[in-house]
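Index from 1, following the sequence. Not measured: the values here are computed from a predicted model.
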Amino acid sequence: MKELVELIAKKLVRHPEDVVVRVIEGDKGQSLELHVHADDIGRVIGKNGRTAKAIRTLLGAAASKANVNVALQISS
């Protein structure tokens, strides 16, 4: 899951070297924290959150195939 989010984010941003994905294990599954450069936060979130929603949809599909619960948080 981490690699999927990292790959998508690096393709979207202008500063791919600043993309960091942290995995936090919890009681209900995994939580992924995506950190990007402050200039790239708009590119990752997208207009009205459409890009972020698309990333979460892809992540949800991959997570359901692997039988895990995953949440994504985006920050700069």
Seminar exercise, completed: Rounded to the nearest 0.5 Å, the CG atom of L12 sits from the OG1 atom of T51 at a distance of 6.5 Å
Problem set entry | Heavy-atom closest pair, residues L34 and A9 | CD1-CB, 3.8 Å
Exercise. NZ of K65 to CG of N67: how many Å apart, nearest 0.5 Å?
Worked result: 11.5 Å
Problem set entry | Hphob cluster co-occupancy, V20 + I45, side-chain heavy atoms under 4.5 angstrom | no
Exercise. Would a 4.5 Å heavy-atom cut-off, applied to side chains only, mark I74 and I41 as touching?
Worked result: yes
Exercise. Only one of K28, Q30, K2 clears side-chain contact (heavy atoms from CB on, under 4.5 Å) with V70; which?
Worked result: Q30
Exercise. Of all heavy-atom pairs between Q73 and S31, which one has the smallest distance, and what is that distance?
Worked result: NE2-OG, 3.9 Å
For this session: Please tell me if the side chains of R43 and R14 come closer than 4.5 Å, counting only heavy atoms from C-beta onward.
Result: yes
For this session: Return the minimal non-hydrogen interatomic distance between I24 and R22, and the atom names on each side.
Result: CD1-NH2, 3.6 Å
Exercise. Taking all non-hydrogen atoms of both residues, which atom of M1 and which atom of A66 are closest, and how far apart?
Worked result: CE-CB, 3.8 Å
Problem set entry | For the student: nearest non-hydrogen atoms of S76 and A38, plus distance | CB-CA, 3.9 Å
Exercise. Any side-chain heavy-atom pair from D18 and V13 closer than 4.5 angstrom?
Worked result: no
Problem set entry | Test log, rule side chain to side chain contact (heavy atoms under 4.5 Å, CB included), inputs H15 and V36 | CA-CA 8 Å; H15 303 282; V36 296; over 6 Å; no
Exercise. Which atom names give the shortest non-hydrogen contact between R56 and L72, and what distance separates them?
Worked result: NH2-O, 3.0 Å
Exercise. Are L7 and V44 grouped together when hydrophobic residues (ILVMFWY) are joined by side-chain heavy atoms under 4.5 angstrom apart?
Worked result: no
Exercise. So, do S75 and E33 sit near enough that their side-chain heavy atoms are less than 4.5 Å apart?
Worked result: no
